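Heads up: the structure comes next, in structure tokens.
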Amino acid sequence: MEALRVVGGARLRGRVRVPGAKNSVLKLMAAALMVPGTTILRNVPDIADVAIMSELLRRLGCEVVADRTDGVLLITVPGQLEHRADYDLVRRLRASIAVLGPLMARLGEADIAVPGGDAIGSRGLDIHVRGLELMGAVVTSTGGYLHAAAPSGLHGIDYELDFPSVGATETLVTAAVGARGLTRLENCAREPEVADLCTMLAAMGVPITGIGSDTLTIEGASALAPVEHVVVPDRIVTGTWAFAAAMTGGQVTIDGARPEHLSLPCATLRAAGAHIEVTPGGMCVRGPDRPHAVDAVTLPFPGFPTDLQPHIIALDSIAEGSALVTENLFEARFRFVAELARLGANVKVDGHHCLITGVPRLSGAPVEGTDIRAAAALVLAGLVADGVTHVMHVHHIDRGYADFAQSLRGLGADVDRVRVNIADIVG
Ligand code: EPU
């Protein structure tokens with residue numbers, strides 16, 4: 001299998017550039033389905049999830065052309081679209097559910113394979129479904145597929161989401177674009193990626209208010225036109241570089257970063273002893289010799305992001321003192337803690353709390369990346385471990401980080417992508 005081989009010890013130094021956000025571009029690609037013609041996306045990251053979403057759009061009838069070196073994606077949407085997302089793609093890309101709202105808006109019908117459980121939790125769809133039903137859709141689940149249809153069309157609703165779910169907010173905002181009348185959604189997710197989607201919809205001609213707030217109103221059934229849109233920079237990739245600098249006692253300038261999307265992670269890193277400076281094009285993070293332990297509680301934006309929870313546990317594992325990290329979004333995300341313990345971290349999980357007592361040094365070992373963020377955080381842990389760490393299941397990292405190993409080498413780390421035979425690297 002493929003692994004990242006990390007030799008610990010380097011202090012990261014230099015510059016990196018952050019591309020567009022995975023969790024935005026996938027939704028923007030899906031939103032392109034709502035209007036025939038060519039949508040142009042810029043600042044698109046060269047990651048596996050974009051390739052899978054491109055394949056899904058092709059199967060729906062679109063032409064998708066990527067210029068990888070320039071981060072440009074051209075999506076040409078035909079007059080006639082298919083309405084089915086098959087299991088072979090959905091099982092590889094849970095975010096395939098992002099086509100549900102746009103297909104409902106455009107066709108009034110969608111068949112989407114139901115994503116199964118994954119490494120970070122059950123991930124329900126009840127809020128998506130409830131909202132669509134209130135809009136007039138009939139939603140059934142048979143044979144592993146969610147079938148939604150609104151033969152008489154969708155209509156606008158007043159709806160307060162039970163929880164500010166990112167995915168449900170996006171499904172309902174996009175479905176509302178094709179609904180008759182006004183939709184008013186309360187308790188919406190406020191993540192920058194949701195705001196990015198709403199900004200693109202507004203440019204397409206959708207009258208939408210409240211962008212970036214928890215209350216969105218969408219006037220449906222307006223005339224739409226395809227647009228050119230620049231994807232918002234990836235705040236989780238930004239955070240990954242910031243934690244890498246802080247943990248290794250290095251100094252990294254992150255070009256393209258939007259520090260205002262990372263207020264709480266930056267405040268947390270400062271409390272850990274890092275120095276963070278906002279630069280004209282992004283931010284610069286300088287790490288302390290050894291970080292102080294810092295607590296964190298994951299919450300919807302603007303709270304501490306669950307996608308940086310493994311990173312803060314990795315930082316706390318080598319910090320001075322003890323810290324408590326609480327996970328409120330994805331119950332199974334602590335699976336990665338057992339892997340961190342293999343590197344010598346002193347970590348104890350109790351329900352959705354994790355208590356970490358820092359040790360001066362970790363010690364390299366083979367570990368398994370269980371999801372994108374866990375795998376990235378294990379690489380950071382490997383950077384501060386004595387000896388060699390192999391992080392297995394690199395395909396998780398490929399889903400969300402473009403050229404991760406190469407970027408790390410550019411900052412002075414000793415990291416390589418290697419093929420390993422597990423028997424050869426285990427003691
Ligand atoms: N939930 C429900 N019912 C619903 C919708 C959500 O119970 O109808 C629950 C989920 O089970 C979960 C919680 O609500 O426990 C949060 O789910 P949410 O819908 O907010 O998240 P998501 O849309 O599935 C996106 C990102 C995640 C990120 C979360 C939270 C994408 C493709 N994924 O997931 O990103 O962690 O928002 O910010 O946008 C990642 O990039 O590594 C990743 C997992």
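Note that ligands are numbered from 1 as they come in the structure, with each ligand's atoms numbered from 1 the same way. Only a predicted model underlies this, so the values are computations on that prediction, with no experimental measurement involved. Start at 1 with the first residue, then count along the sequence.
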Show the atom names and distances, to 0.1 Å, of all donor-acceptor pairs under 3.5 Å that link a side chain in residues 124-131 to residues at least two apart or in another chain.
{"unit_1": "His128", "atom_1": "ND1", "unit_2": "Thr171", "atom_2": "OG1", "d": "2.9"}
{"unit_1": "His128", "atom_1": "NE2", "unit_2": "Ala168", "atom_2": "N", "d": "3.4"}

With a 4.0 Å cut-off on heavy atoms, does Asp307 reach ligand 1? yes
If only side-chain N and O atoms count, and only distance matters, is there a donor-acceptor pair under 3.5 Å linking Thr326 with His353? yes
Heavy atom to atom 42 (O) of ligand 1, shortest distance: which of Met53, Glu327, Arg373, Lys22 holds it? Arg373
Side chain to side chain contact (heavy atoms under 4.5 Å, CB included) between Glu228 and Arg42, intermediate numbers included: CA-CA 8 Å; Glu228 186 168 331; Arg42 298 190 180 276; 2.6 Å; yes
Does the residue Arg333 have a heavy-atom contact with ligand 1, meaning some pair of atoms that are separated by less than 4.0 Å? yes
Hey, are Thr298 and Thr306 close enough side-chain-wise for a donor-acceptor pair under 3.5 Å? no
Under 3.5 Å between some N or O of ligand 1 and some N or O of Phe163? no
Looking at Leu26, Ile127, Asp234, Asn328, the heavy atom closest to atom 8 (O) of ligand 1 belongs to Ile127
For the residue pair Asp111 / His147, report whether a side-chain donor-acceptor contact shorter than 3.5 Å exists. yes
Test side chain to side chain contact (heavy atoms under 4.5 Å, CB included) on Leu103 and Glu109; report intermediate values, then the result. CA-CA 6 Å; Leu103 288 178; Glu109 186 172 20; over 6 Å; no
Does any N or O atom in Ile372 lie less than 3.5 angstrom from one in ligand 1, N or O only? no
Under 3.5 Å: N/O of Phe330 near N/O of ligand 1: no
Distance under 4.0 Å to a non-hydrogen atom of Gly167: what atoms of ligand 1 satisfy this? 19 (O), 23 (O)
Does any N or O atom in Thr306 lie less than 3.5 angstrom from one in ligand 1, N or O only? no
Using salt bridge (charged side-chain N to carboxylate O under 4.0 Å, His left out) as the criterion, list what pairs up with Arg58, not counting sequence neighbours. Glu55
Using heavy atoms and a 4.0 Å limit, tell me yes or no: is Lys27 in contact with ligand 1? yes
Side chains of Thr240 and His311: any donor to acceptor distance under 3.5 Å? yes
Quick check: Gly124 and ligand 1, any N/O pair under 3.5 Å apart? yes
Taking the six-membered ring for Trp and the single ring otherwise, decide whether the centroids of Trp241 and Tyr401 are under 6.0 Å apart. no
Could you say whether the N/O atoms of Glu331 and ligand 1 ever approach to under 3.5 Å? no
Atoms of ligand 1 under 4.0 Å from any heavy atom of Ala95, numbered from 1 in the order shown, are 32 (C)
Any nitrogen or oxygen of Pro164 lying under 3.5 Å from a nitrogen or oxygen in ligand 1? Just yes or no. no
